[in-house]
Amino acid sequence: MTITEIQKVLRSAISETAKAQFGVDIESIAAETPPKTELGDIAFPVAFELAKQIKVATGEKQNPRAIAEVLKARLETFDFVGKIEIAGPGYLNVFFDRSKFIAENAAANPLPNAGTASAKICVEHTSVNPNKAAHIGHVRNSVLGDTFQRILKSTGKQVEVQNYIDNTGVQVADVVVGFMFIQNMTLEAIKGLDTELTGSGQSFDYYCWDLYARVGQEYLANEELKSKRAEVLHLIEEGGNETAELADYVATRNVECILNTMERLSIRYDLLPRESEILHLHFWDKAFEQMKQLGVIHYESEGKQAGCWVMPFEEHTGDDDNEGDKILVRSNGTVTYTGKDIAYQMWKLGILGLDFNYKYFHKYANGQDVWITSPQVEQNEGAIPSFGGGETIYNVIDTRQSYPQEVVKKGVAAISPERGEKASIHLAYEMVALSPAAAEELGFALSDEDRKRPFIEMSGRKGLGVKADDLIDRLEAKALAEVESRHADATDEEKQHIAHQLAVGALRYFLLKFTRNTVIVFDFNEALSFEGETGCFCQYSAVRANSIFRKLDETNSVESSERRLLACESSEIDAIVNSETGTDIWSMAILASRLDETVHAAATANEPAILAKYTFTLAKAFNLFYHNHKIIAEADDTKRALLVVVADMARRSLTAALDTLGIEVPMKM
RNA sequence: GCACCCGUAGCUCAGCUGGAUAGAGUAUCUGACUUCGAAUCAGAGGGUCGCAAGUUCGAAUCUUGCCGGGUGUACCA
């Protein structure tokens, strides 16, 4: 039995006993992991809760320890239980039968549910405006989203990953203004520039990064240029004209660049839904009609918002400057982002009654396909997968967009009350900001006031930010130097591959170790570190584990060791595992067995950091285990077999945990 | 004004639905490479969990108030 199964059995036994012996119904039974192995493998603080309930029901005051005694007698009858202790004021501490547990879990899959299909879940992440290169703030979004979808898959869910392309928004319009009215370039000229850039090893999205910042600066001084923005935006939204064609080229090229950046980090998508299709395939019109009929929005005929369609928002009141209600349709008839997102989310949930057209976009190096939406029906080779229609949808979006996301959620819930607000989940996360020192390191002049601030927000408009590709390049270069110093004999290709794996591990772990609602104040030293709580540390631990198994001969292989353990008396194993030095062997085994439980906890709490922390703890525990036990050199046959089996449990669990974080284990490092 | 987030070791952060002696990393100091790889391990010092009340057998965790920092409240996204 796995830990999860054992917990389930124990919980229901406690619940039944509570009902039978004390007449109390207890809805949820908390199970804890004791702070130390010496205190047990699972702890139930349930006796305190029961004492309280009994007092409420009968007025009778019972001692928690006496209640725990009754539960103890019941739980002791299970064969997987070694012993039970009542500790402190009434903790019920359960100790597993160690030899039995190891024998049963030695060869178990650390993630038993992965791959078992169920109702589909849609995860939207990345959704970078396609007008410039991605910076590390965008990468936090993508890494969180990608890791979360991996976590969901590890719990057995079927997941579809979408990256929304806002190809008709203001930000794309700004770069288009830059190309057309600052650079005076036609579409042909831009294509020529693109070829030129590619030829000289530069990238289109970097060029746009600088151009976008320049447009932002020019707007401040040039009113005429600023007036072009609305014009251009209108033409892009309308489509079927030269400006729209130019914008489409610019946006698509940026999408390609951003997808390349993300692929460097093992982040891939199934579908790229575009905003232009939301408009041209009349998704909004349909959602708009439904909301009008249901009365969830209304037309404002007077006041500040006269001429607009708005959704009321009572949760917080407006002030002198702003109304509390949210505008979905502007007085000029155009739709806001929030409005379009309502239509998009309805499609994601399969309640819109319309579908996109699809075009094959790209095959990733690993064989995965990514599709993009299209205004017209396309001739595709092979079948188009079925997109959208998720049972639950997760939207990985900056916490600064919490307010419009609440509006979207309310709109969707109003149209589909039976699905309700639980169907759409905003996976919010705090921004990645720069320390004043980091901003200056990037060459930005700061005012004295700025220098006193706790952090400086990154800004695409100002061109202030750490570009993702730059950081990955720096990480790879640094890792390569380290690999070079340790494995000078390896081929260049091999060394580069390892350096790449280490860079990905470092960056992904760095962005995952913080919980979602922590602002990451970016620091170059910390982000570029390979020591301490880093991805590299976890990878190193796994690499060491693997090197042991490469050196084990046939008679000591994992399979032989498992056979040897099964053949010997359990008392013999118990003698080792229950001895003083054996306790940390057991600690290693039980910790390695908690991956499945941890992945479920991370999925339930929508918090990938829980898994990152566990992975680090596991790696640390293995390093200690590795230090304290000489596995290959162990003289005692049974103990050696036990060490091999436990080390194997640890490395498989560590490898699976890292894989769920999107981090590979190098061959050597 | 209103809504949301944060305040825990010098610094950066964990702390699960209230539970056992509040933990990591980093920095500082000390020790360990003839070994399955030292990108590692061990040890030491370092805490009024912002402040104050309340609920409870029990509070870093829940409630209220205050102080300090941040974000949002756009006919941007």
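Source: prediction; values computed, not measured.
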Using heavy-atom distances to pick each residue's nearest nucleotide on RNA chain B, tell me which of A:K613 and A:A619 is more 5'.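 Counting from the 5' end, the first nearest nucleotide belongs to A:K613.
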
Starting from the 5' end of RNA chain B, give me the residue, A:S547 or A:E275, whose nearest nucleotide shows up first.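 By nearest-heavy-atom nucleotide position, the 5'-most residue is A:S547.
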
Is [X] near enough to [N] that one of its side-chain N or O atoms lies under 4.0 angstrom from OP1 or OP2?
X	N	result
A:Y337	B:rA77	no
A:N332	B:rC75	no
A:R330	B:rA77	yes
A:T518	B:rA14	yes
A:N623	B:rC41	yes
A:R486	B:rA39	yes
A:T534	B:rG25	no

Using a heavy-atom cut-off of under 4.0 Å over every strand shown, decide if [X] touches base, sugar-phosphate, or nothing.
X	value
A:P404	base
A:K630	base
A:H600	nothing
A:V519	sugar-phosphate
A:F616	sugar-phosphate
A:E482	base
A:M431	sugar-phosphate
A:V310	nothing
A:E526	sugar-phosphate
A:T334	nothing

Taking ring-ring contact (aromatic ring centres under 6.0 Å, His included) as the test, write out the residues that go with A:Y344, two or more places apart.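 Once residues adjacent in sequence are excluded, the partners of A:Y344 under the ring-ring contact (aromatic ring centres under 6.0 Å, His included) criterion are A:Y164.
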
Start with the C-alpha gap between A:I663 and A:Y509, add the side-chain angles, then the distance that decides, and say whether side chain to side chain contact (heavy atoms under 4.5 Å, CB included) holds. CA-CA 8 Å; A:I663 299 174; A:Y509 191 89; 4.3 Å; yes

Length of the line joining [X]:[atom1] and [N]:[atom2], which is rounded to integer Å:
X	N	atom1	atom2	value
A:K513	B:rG15	NZ	C1'	16 Å
A:R544	B:rU40	CZ	C1'	5 Å
A:H426	B:rA77	NE2	P	16 Å
A:Y614	B:rC16	OH	P	19 Å
A:F537	B:rG25	CZ	P	8 Å
A:I26	B:rU17	CD1	P	17 Å
A:I520	B:rC11	CD1	P	19 Å
A:L624	B:rG43	CG	P	9 Å

Quick check: does any side chain N or O of [X] sit under 3.5 Å from a backbone N or O of [Y], one acting as donor and the other as acceptor?
X	Y	answer
A:R651	A:A545	no
A:N546	A:M667	no
A:R140	A:E430	yes
A:H487	A:D489	no
A:S529	A:E531	yes

Rounding to the closest angstrom, what is the interatomic distance between [N] and [M] at atom [atom1]?
N	M	atom1	value
B:rU71	B:rA77	C1'	16 Å
B:rC2	B:rC13	C1'	31 Å
B:rG10	B:rG46	C1'	8 Å
B:rA59	B:rG18	C1'	6 Å
B:rA9	B:rA44	C1'	14 Å
B:rU12	B:rU73	P	28 Å
B:rC11	B:rG50	P	14 Å
B:rG15	B:rU61	P	14 Å

If [N] has a Watson-Crick or G-U wobble mate with both distances under 3.5 Å, name it; if not, just say none.
N	value
B:rC4	B:rG70
B:rC36	none
B:rG65	B:rC51
B:rA22	none

Nearest-neighbour nucleotide for the A:I632 side chain, B:rG25, B:rC36, B:rC41 considered: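 The listed nucleotide nearest to A:I632's side chain is B:rC36.
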
Choose from B:rA39, B:rC36, B:rG25 the nucleotide whose nearest atom is closest to any side-chain atom of A:I631.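 The answer is B:rC36, which lies nearest to the side chain.
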
Can you find an N or O donor on one side and an acceptor on the other, under 3.5 Å apart, linking the side chain of A:R400 with the base of B:rA77? no

Under 3.5 Å donor-acceptor pair, A:S331 side-chain atoms to B:rC75 base atoms: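 Such a pair exists between side chain and base.
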
Side chains of [X] and [Y] only: does a donor on one sit below 3.5 Å from an acceptor on the other?
X	Y	value
A:Y337	A:D166	no
A:Q539	A:E664	no
A:D584	A:H629	yes

Lys/Arg N to Asp/Glu carboxylate O, A:E482 vs A:R486, below 4.0 Å: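 Yes, this pair counts.
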
Could I get a table of every N or O pair under 3.5 Å where one atom is in the protein and the other is in nucleotides 20-22 of chain B?
residue	atom	partner	partner atom	Å
B:rA20	N6	A:N93	OD1	3.2
B:rA20	N1	A:N93	OD1	3.4
B:rA20	N1	A:N93	ND2	3.0

